[in-house]
Amino acid sequence: MKIMSVFGTRPEAIKMCPLVKAMQEDPEIESVLCVTAQHRQMLDQVLELFDLTPDYDLNIMKPNQTISMITANVLTGLEPVLAREKPDMVLVHGDTSTTFVTALACFYQQIPVGHVEAGLRTYDKYSPFPEEMNRVLTGHIADIHFAPTERNRQNLLREAIPEEDIVITGNTVIDALLQVADKPYEFEDETLRSIDFENKKVITVTCHRRENLGEYMANIFSAIADIAREFKDEVEIVYPVHLNPKVRAEADEFLKGIDNVHLIEPQTYQPFVNLMAKSYFILTDSGGMQEEAPALGKPVLVVRRETERPEAIEAGTAKLAGAEKQTIYNMAKELLVNKAAYDEMAHATNPYGDGKACQYTIEALKKKLKK
């Protein structure tokens with residue numbers, strides 16, 4: 001059976017590379033890899049880490065590209081690839097523009113679609129934007145849905161997705177994380193090498209979402225600055241700053257020049273996993289880190305107003321801190337001063353699986369295609 005995987009961003013690559021590798025090793029599957037390079041540099045770093053070379057590379061990334069540009073370029077770029085390969089199924093991941101547009105391109109050629117990481121919802125079509133509508137629309141094109149959790153399955157059932165087309169697999173990000181964390185590693189970045197992870201409480205920060213730009217990002221960075229100054233002898237804050245110039249400008253405005261705040265370049269996946277593993281807790285607006293950090297026993301404060309991963313909140317591995325300065329400050333301070341509160345989060349069970357999501361996904365794929 002010929003399975004084509006299509007992805008274009010670093011987060012997709014992290015979660016799909018272990019699955020592509022597993023399919024390449026399966027004698028029953030002819031695996032074809034197509035990347036759109038919606039993100040170029042960060043995508044290539046992950047492909048290199050997992051030693052994967054795409055069969056097709058649409059290389060669509062352009063400076064200041066809009067969502068409309070991404071949509072048009074993926075749609076037209078994929079059309080001849082799909083026509084040439086005629087796969088039995090195309091796998092897409094999550095909620096990027098690449099994901100939705102690939103599903104649409106497959107629909108136009110009547111090629112079945114498998115949706116990895118299906119069923120996540122906030123029920124607010126503008127938050128996260130455009131991800132919420134990307135995953136909803138993909139879900140209504142897809143023929144098989146690989147849901148990380150029971151809640152994701154229930155979301156799909158409420159949208160009239162047939163029960164027999166949904167499989168709970170856990171999240172492939174745990175497979176990726178455990179594979180990478182298992183390898184010996186020393187930081188190459190000089191700043192990371194200089195941090196005293198043994199004696200300081202290191203907070204790793206990521207913040208980049210479009211809906212946080214402006215007032216909310218100012219609130220987040222201002223709270224981080226206050227924590228850094230109040231706990232200057234105990235805490236080190238590491239923020240690999242996203243490449244978006246608007247994010248960089250706000251980070252510089254609020255955080256540059258604070259001695260124990262380290263604004264570093266974005267890290268490739270391997271050093272970033274090791275940074276998470278050595279951190280005390282994580283403060284993020286990322287989706288994937290809400291799944292990854294708990295697998296490493298690290299509490300997560302989510303600096304967003306809602307999350308499509310409520311399982312993490314319910315399990316106690318993450319807390320929704322919102323985007324108001326005082327709330328973020330209070331929650332971060334509690335984790336630093338209240339050991340019982342910290343331990344309760346650090347020792348909670350990760351709801352996103354056991355690291356065998358790739359195996360479960362391939363088994364379900366074979367069953368579907370052999371019908």
Side-chain angles (χ1 to χ4, degrees), residues 9 11-12 14-15 93-96 99 115-136 138-139 147-156 158-159 168 170-174 177 203-213 215-217 219-220 223-224 242 247 276 279 281-332 334-335 341 344-346 348-353 357:
T9 68
E12 290 172 287
I14 289 167
K15 295 180 178 186
H93 181 278
D95 53 22
T96 69
T99 302
H115 190 193
V116 180
E117 196 182 84
L120 280 68
R121 298 290 185 269
T122 63
Y123 299 104
D124 178 345
K125 69 179 182 180
Y126 292 115
S127 183
F129 174 82
E131 289 86 357
E132 177 70 4
M133 286 312 296
N134 284 341
R135 56 191 169 221
V136 170
T138 301
T149 70
E150 173 62 27
R151 179 184 286 269
N152 302 149
R153 189 179 84 94
Q154 292 297 328
N155 289 344
L156 293 165
R158 280 194 292 272
E159 295 176 16
I168 297 175
N171 200 304
T172 56
V173 75
I174 307 304
L177 181 84
I203 303 170
T204 293
V205 172
T206 72
C207 188
H208 69 278
R209 286 201 174 273
R210 284 188 183 93
E211 62 268 24
N212 273 339
L213 285 170
E215 178 187 354
Y216 293 130
M217 199 164 283
N219 290 343
I220 294 163
I224 291 168
H242 196 272
V247 175
M276 281 197 293
S279 295
F281 70 84
I282 310 296
L283 190 147
T284 185
D285 65 2
S286 162
M289 288 178 71
Q290 297 171 53
E291 301 155 348
E292 294 169 302
L296 300 169
K298 307 301 174 181
V300 182
L301 295 183
V302 183
V303 286
R304 290 168 58 183
R305 288 155 289 152
E306 72 289 298
T307 177
E308 60 283 271
R309 291 167 173 84
E311 299 90 343
I313 309 297
E314 292 164 3
T317 59
K319 287 187 176 179
L320 198 61
E324 298 302 324
K325 175 181 174 179
Q326 195 60 44
T327 306
I328 297 166
Y329 168 84
N330 289 343
M331 286 189 171
E334 182 180 40
L335 285 177
E344 186 177 351
M345 290 185 74
T349 301
N350 186 1
Y352 293 107

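If you read the sequence from its start, that first residue is 1, and numbering goes on from there. Below, all heavy atoms of this structure are taken into account, side chains as well, without hydrogens, waters or symmetry copies.
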Full working for salt bridge (charged side-chain N to carboxylate O under 4.0 Å, His left out) between Glu132 and Arg135: CA-CA 6 Å; Glu132 177 70 4; Arg135 56 191 169 221; 2.7 Å; yes
Evaluation steps, side-chain contact (heavy atoms from CB on, under 4.5 Å), between Leu283 and Thr204: CA-CA 6 Å; Leu283 190 147; Thr204 293; over 6 Å; no
Verdict with reasoning, Met217 to Cys207, per side-chain contact (heavy atoms from CB on, under 4.5 Å): CA-CA 8 Å; Met217 199 164 283; Cys207 188; 3.8 Å; yes
Pair Arg305-Glu211, salt bridge (charged side-chain N to carboxylate O under 4.0 Å, His left out): steps then yes or no: CA-CA 10 Å; Arg305 288 155 289 152; Glu211 62 268 24; 5.6 Å; no
side-chain contact (heavy atoms from CB on, under 4.5 Å) between Thr122 and Thr307, worked out: CA-CA 6 Å; Thr122 63; Thr307 177; over 6 Å; no
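The minimum heavy-atom distance between Ser286 and Thr206, with the atom names listed, is CB-OG1, 3.8 Å. Closest non-hydrogen pair, Ile328 versus Ile220, comes out as CD1-CG1, 3.6 Å. Closest non-hydrogen pair, Ile14 versus Glu292, comes out as CG2-OE2, 4.3 Å. For the residue pair Gly353 and Ile174, the shortest heavy atom distance occurs at O-CG2, 4.2 Å. When every heavy atom of Gly94 is checked against every heavy atom of Glu117, the shortest pair comes out as CA-OE1, 3.9 Å.
With Thr172 contributing its side chain and Lys15 its backbone, the two residues share a donor-acceptor pair below 3.5 Å. Arg309 contributes a side-chain N or O that, together with a main-chain N or O of Gly287, makes up a donor-acceptor pair within less than 3.5 Å. Between the Asp285 side chain and the Val303 main chain, no donor and acceptor come within less than 3.5 Å of each other. No donor-acceptor pair closer than 3.5 Å links the side chain of Thr317 to the backbone N or O of Ala348. Using modelled atom types, no side-chain atom of His93 and backbone atom of His115 make a donor-acceptor pair closer than 3.5 Å.
At a cut-off of 3.5 Å, with distance as the only test, no side-chain donor of Arg209 or Asn212 sits close to an acceptor on the other residue. A side-chain N or O of Glu311 and one of Asn152 form a donor-acceptor pair less than 3.5 Å apart. Thr284 and Gln290 share no side-chain donor-acceptor pair at under 3.5 Å. Side-chain contact, Thr99 with Glu12: a donor N or O sits under 3.5 Å from an acceptor N or O. Side-chain atoms of Asn330 and Glu334 form no donor-acceptor pair, as typed in the model, at a separation below 3.5 Å.
If you take CD1 on Ile203 and CZ on Phe281, they are separated by 3.5 Å, rounding to the nearest 0.5 Å. Atom CG of residue Leu213 and atom NE2 of residue His208 lie 10.0 Å apart, to the nearest 0.5 angstrom.
Taking the side chain as every heavy atom from C-beta outward, Tyr352 and Thr149 approach each other to under 4.5 Å. Using a 4.5 Å cut-off on side-chain heavy atoms (C-beta onward), Gln326 and Asn219 make no contact.
Within a 6.0 Å radius of CD in Gln154, other residues, nucleotides and ligands contribute more than 12 heavy atoms.
Take Thr327 and apply the side-chain contact (heavy atoms from CB on, under 4.5 Å) test, not counting sequence neighbours, and it matches Glu324, Met331.
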Please report, to 0.1 Å, the donor-acceptor pairs under 3.5 Å made by any side chain of residues 293-302, with sequence neighbours excluded.
from, atom 1, to, atom 2, distance (Å)
Lys298, NZ, Ala277, O, 3.1
Lys298, NZ, Ser279, O, 3.0

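Checked for salt-bridge contact, Glu306 and Arg121 miss the test: no charged N lies under 4.0 Å from a carboxylate O.
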